Amino acid sequence: MKKILTMLLTLAMSFTLVACRTAEESVEIEESSRNKETTVEGGGANILIAYFTWAENAVLEEDVDVVTSPSVVVPGNVQQLATWIQEETGGDIFSIRVTDPYPSDWDACLERANEERGSDVRPELQDNVENIDQYDTVFLGYPNWWYGVPMALLSFLEQNDLSGKDVYLFCSHGTGGLANSVEQIVETSPEAIISDSIFDCYEEEAASSEDEIRSWVNDLGYSFSEEPKDRDDTASQRQISVRIDDNTIVYALNDGSAADSLCEMLPLSIEVEDYSTSEKIFYPEDGLDTSNSPFAKGGSGTLAYYEPWGDVVFFYGEYNENPGLFELGQIVSGEELISQMSGTITIEIAE
Ligand SMILES: Cc1cc2nc3c(=O)[nH]c(=O)nc-3n(C[C@H](O)[C@H](O)[C@H](O)COP(=O)(O)O)c2cc1C
């Protein structure tokens, strides 16, 4: 049965082989919901990037086959695209997550997705966007699942009213392209102003499409011009102190949801561990809420949260960006002490 499903899908996906591109030419959208001409300056606070990816909606099992189910062991393709859009626009990012995750086995996931499609279900979501009204512009990302969108995307659209908002679609897919996905979205959100400039990307090219997707965002008129914060500026933000024996390291936290969660846990005395040659880490008892947090992009001195493992990281060397890594804050003082952390540390809100 599973083999048959895979074969059916492979056949279905073999209509056209498409590489990363914007897809104005390949999509026909009802005239009534076509994009108005939009000229938008800058990026920032009123932009939301909402996306669905298998990688963040799968039960992680130890014996997952990395060849047949690559998406669940590396950052998902759509997740990766969303990260770049977030960086380029400075908007808020929201990962659409179901309460009942999909199997991490490829065939089993196909089977369940097909059943959901057949019975037109709306999978229950873990969260909704906090105050969707604050956003004028939404970048909406998804993979092609069975010639259309994952049904959870329809749950999202029905629970978060995008009427009157400028919506830009981005999609990663196999050889089936966008298939019926755009039509499904238009039908579900008829009052959204869905642009006919759509970024779509063949699955094997997602990882190398950074320049293309950043250009797409720029061409749409969205770019986040704000310079990265000077470290001196961070002194006026909320700060935490990390005490190791008689020494103190101070960090300024950003205003993201993960940093909020960390603050709620303070004061905290906890064991710190070594990881690699550039990280000191600890595992908070509860996970941090990353629903509205920036990704980590700095080097040494960055305080971050690695969501896949649930650990907080004090960096004292360079590191690679990773879509699971969220920034909590930046060092204010005591950077030279980070590499010496060991044993029990005490973290509290700085006076
Ligand atoms: C359940 C399921 C169904 C899929 N159906 C299709 C399809 O009909 N057509 C297609 O081109 N790709 C299909 N794919 C492939 C994904 O669209 C593609 O691998 C995408 O890049 C995955 O993005 P993600 O890693 O963010 O989940 C399917 C993948 C899954 C898991």
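Note that the coordinates shown come from a computational prediction; the quantities given were computed from them, not determined experimentally. Whatever order the structure lists them in is the order used to number ligands and atoms, beginning at 1.
- Under the ring-ring contact (aromatic ring centres under 6.0 Å, His included) criterion, Phe52 pairs with Trp145, sequence neighbours left out.
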Show me, pair by pair, the donor-acceptor contacts under 3.5 angstrom made by side chains of residues 306-316, not counting sequence neighbours?
unit_1	atom_1	unit_2	atom_2	d
Glu307	OE1	Arg97	NH2	3.3
Glu307	OE1	Thr290	OG1	3.4
Glu307	OE2	Thr290	OG1	2.8
Tyr316	OH	Thr277	O	3.4

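- Residues Ser241 and Thr248 have side chains that never bring a donor and an acceptor to within less than 3.5 angstrom of each other.
- For ligand 1, none of its N or O atoms has an N or O atom of Gly76 under 3.5 Å away.
- Tyr222 and Phe139 have perpendicular rings, their planes meeting at more than 60° on a 0 to 90° scale where under 30° would count as parallel.
- Taking only nitrogen or oxygen atoms, main chain and side chain alike, Gly176 reaches within less than 3.5 Å of ligand 1.
- Ligand 1 places these atoms under 4.0 Å from at least one heavy atom of Trp54: 27 (O), 31 (C).
- At under 3.5 Å, a nitrogen or oxygen of Ser172, whether backbone or side chain, sits near a nitrogen or oxygen of ligand 1.
- Closest heavy-atom approach to atom 2 (C) of ligand 1 within the set Leu110, Leu178, Val149, Asp200: this belongs to Leu110.
- Within the structure, ligand 1 has Trp106 among the residues with a heavy atom less than 4.0 angstrom away.
- Listed by number with element, the atoms of ligand 1 under 4.0 Å from a non-hydrogen atom of Trp146 are 3 (C), 4 (C), 5 (N), 6 (C), 7 (C), 8 (O).
- Judged purely by distance below 3.5 Å, without hydrogens or angles, the side chains of Ser155 and Glu124 never pair a donor atom with an acceptor atom.
- In the vicinity of Ala113, heavy-atom distances shorter than 4.0 Å reach the ligand 1 atoms 1 (C).
- At least one N or O atom of Val78 sits closer than 3.5 Å to an N or O atom of ligand 1.
- For the 3.5 Å distance criterion, the side chains of Asn77 and Glu203 fail to qualify, holding no donor opposite an acceptor.
- The Thr53 neighbourhood of ligand 1 comprises atoms 24 (P), 25 (O), 26 (O), 27 (O), with distances under 4.0 Å to a heavy atom of that residue.
- Checked for salt-bridge contact, Glu158 and Arg122 meet the test: a charged N lies under 4.0 Å from a carboxylate O.
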